[in-house]
Amino acid sequence: KSEVVIAWNKPMVRYGEDYVFGLTVHANHILLAPWSTEVLEAFADRLADFEVLKKTFKVPADWKVNKKLLTDMVKARIAEL
């Protein structure tokens with residue numbers, strides 16, 4: 001069962017005891033964390049327009065949410081578990 005929780009003062013999606021996705025809002029960008037380097041690698045082509053870091057990726061603060069991308073990443077992360 002998945003749920004939205006606050007962990008480290010940030011909103012996170014948790015599936016059972018495992019974290020699936022989280023985010024942090026900054027002044028100029030939003031940092032998104034799929035909690036998996038494998039998911040980041042699998043979605044590299046779809047993240048090409050963003051700055052991808054070791055375990056996160058940055059989108060502009062005014063980013064129009066790509067619901068399909070985020071849903072697909074969450075599904076991929078849950079499939080890993």
Side-chain angles (χ1 to χ4, degrees):
K1 175 182 165 186
S2 65
E3 62 182 331
V4 176
V5 298
I6 301 297
W8 303 281
N9 294 319
K10 311 290 184 228
M12 303 281 172
V13 176
R14 189 169 65 190
Y15 185 76
E17 295 298 315
D18 296 297
Y19 291 99
V20 175
F21 211 90
L23 65 94
T24 305
V25 178
H26 297 272
N28 298 317
H29 67 275
I30 302 168
L31 195 61
L32 299 162
W35 286 87
S36 168
T37 55
E38 289 80 13
V39 170
L40 283 173
E41 290 170 9
F43 284 82
D45 59 329
R46 292 172 67 182
L47 299 174
D49 292 336
F50 308 114
E51 183 179 351
V52 179
L53 306 169
K54 188 174 181 179
K55 295 184 179 184
T56 60
F57 66 101
K58 290 181 183 180
V59 298
D62 63 350
W63 182 56
K64 185 176 184 314
V65 175
N66 182 335
K67 192 174 179 180
K68 173 93 171 102
L69 171 64
L70 297 181
T71 300
D72 290 350
M73 292 182 86
V74 168
K75 286 180 181 179
R77 173 67 178 131
I78 289 173
E80 278 185 338
L81 302 174

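Here the structure is a predicted model, which means the values were calculated and not measured.
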_Where Ser2 and Val13 come nearest, the two heavy atoms and their spacing_ = CB-CG1, 4.4 Å
*Who pairs with Glu3 by side chain to side chain donor-acceptor pair (under 3.5 Å), at least two apart in sequence or on another chain?*
Arg14
*Can you tell me how far the CD atom of Glu80 sits from the CG atom of Asp18, to the nearest 0.5 Å?*
10.0 Å
*Listed once per pair and sorted, the side-chain hydrogen bond (donor to acceptor under 3.5 Å, both in side chains) pairs that draw on residues 50-68, sequence neighbours left out*: Lys68-Asp72
*Which pair of heavy atoms, one from Ala61 and one from Ala27, lies closest together, and at what distance?*
CB-O, 3.8 Å
_Taking atom CG as the centre, does Asn9 end up with more than 12 heavy-atom neighbours from other residues, nucleotides or ligands that are less than 6.0 angstrom away?_
no
*Should Pro60 and Asn28 count as side-chain neighbours, where that means a heavy-atom distance under 4.5 Å?*
no
*Would Leu70 end up clustered with Leu31 when hydrophobic side chains under 4.5 Å apart are linked, directly or stepwise?*
no
*Just wondering, do Met73 and Phe21 contact through their side chains at under 4.5 Å, heavy atoms?*
yes
*Does any non-hydrogen side-chain atom of Val59 lie less than 4.5 Å from one of Val65?*
no
*Which atom pair, heavy atoms only, marks the closest approach of Val39 to Pro34?*
CG1-CB, 4.0 Å
_Can you confirm whether more than 12 heavy atoms, excluding those of Tyr15, are under 6.0 Å from its OH atom?_
no
*Nearest 0.5 Å please: distance from the CZ atom of Phe57 over to the CZ atom of Arg46.*
10.0 Å
*Co-members of Met12 in a cluster of I, L, V, M, F, W and Y side chains, linked at under 4.5 Å*: Val5, Trp8, Tyr19, Trp35
*asked:* Contact between Val25 and Lys10 at the side-chain level, heavy atoms closer than 4.5 Å - yes or no?
replied: no
